[in-house]
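Keep in mind that the numbers below use all heavy atoms, side chains included, and drop hydrogens, waters and symmetry copies.
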Amino acid sequence: MKDADSKSKLANRLSRIEGQVRGVARMVEEDRYCIDILTQVQAVRAALARVETELLKDHLDHCIEGAIVSGDAEEQRRKASELIELLGRATR
């Protein structure tokens with residue numbers, strides 16, 4: 001993470017998502033209409049995707065860029081391998 005403000009915003013987003021998930025669980029317990037529950041599940045997935053995008057952007061802006069600027073070829077390879085492995089897991 002680059003700074004305390006970004007970290008705080010991310011923590012707030014995750015707290016909202018946590019609340020959304022609790023709401024979905026409540027909907028299931030209350031036997032709410034399936035389409036309403038699925039709509040909320042999609043909203044949670046979209047919110048998590050936005051968090052993922054922000055984290056990925058932060059990683060590229062700081063960790064990957066730092067490895068490039070350092071000139072350390074081994075560190076560059078390691079960071080690239082981590083990212084390739086992460087993206088590969090996402091397609092499984």
What closest approach, in Å, do [X] and [Y] show between heavy atoms, and which atom pair accounts for it?
X     : Y     : result
Ile37 : Arg32 : CD1-O, 3.4 Å
Ile64 : Ala80 : CD1-N, 4.5 Å
Ala67 : Lys79 : CB-CG, 3.8 Å
Leu10 : Val51 : CD1-CG1, 3.4 Å
Gln76 : Ile68 : NE2-O, 3.4 Å

Under a 4.0 Å N-O cut-off, is there an ion pair linking Glu74 with Arg78?
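Answer for the salt bridge query: no.
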
Flag the pair Arg50 and Glu54 as a salt bridge only when some basic side-chain nitrogen lies within less than 4.0 angstrom of an acidic carboxylate oxygen.
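So Arg50 does not pair with Glu54 through a salt bridge.
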
When you measure from the side chain of Ser8 to the backbone of Ala4, do you find a donor-acceptor pair of N or O atoms at a distance under 3.5 Å?
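No, the answer is negative, given that no donor and acceptor are paired below the 3.5 Å cut-off.
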
Between [atom1] of [X] and [atom2] of [Y], what distance do you get to the nearest 0.5 Å?
X     : Y     : atom1 : atom2 : result
Met27 : Cys34 : CE    : SG    : 10.0 Å
Arg22 : Glu18 : CZ    : CD    : 4.5 Å
Gln40 : Arg26 : CD    : CZ    : 10.5 Å
Leu56 : Asp61 : CG    : CG    : 9.5 Å
Lys9  : Asp5  : NZ    : CG    : 4.5 Å

Under a 4.5 Å side-chain heavy-atom rule over Ile, Leu, Val, Met, Phe, Trp and Tyr, are [X] and [Y] clustered together?
X     : Y     : value
Leu55 : Leu48 : yes
Val28 : Val21 : yes
Leu38 : Ile17 : no

Is any side-chain heavy atom of Leu60 less than 4.5 Å from a side-chain heavy atom of Leu83?
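Counting from C-beta outward, Leu60 and Leu83 do come under 4.5 Å.
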
Assess the side chains of Ser6 and Asp3: does a donor N or O sit below 3.5 Å from an acceptor N or O?
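Yes, Asp3 and Ser6 have a side-chain donor paired with an acceptor closer than 3.5 Å.
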
Counting only heavy atoms not in Glu52, do more than 12 sit closer than 6.0 Å to its CD atom?
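12 or below, so no.
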
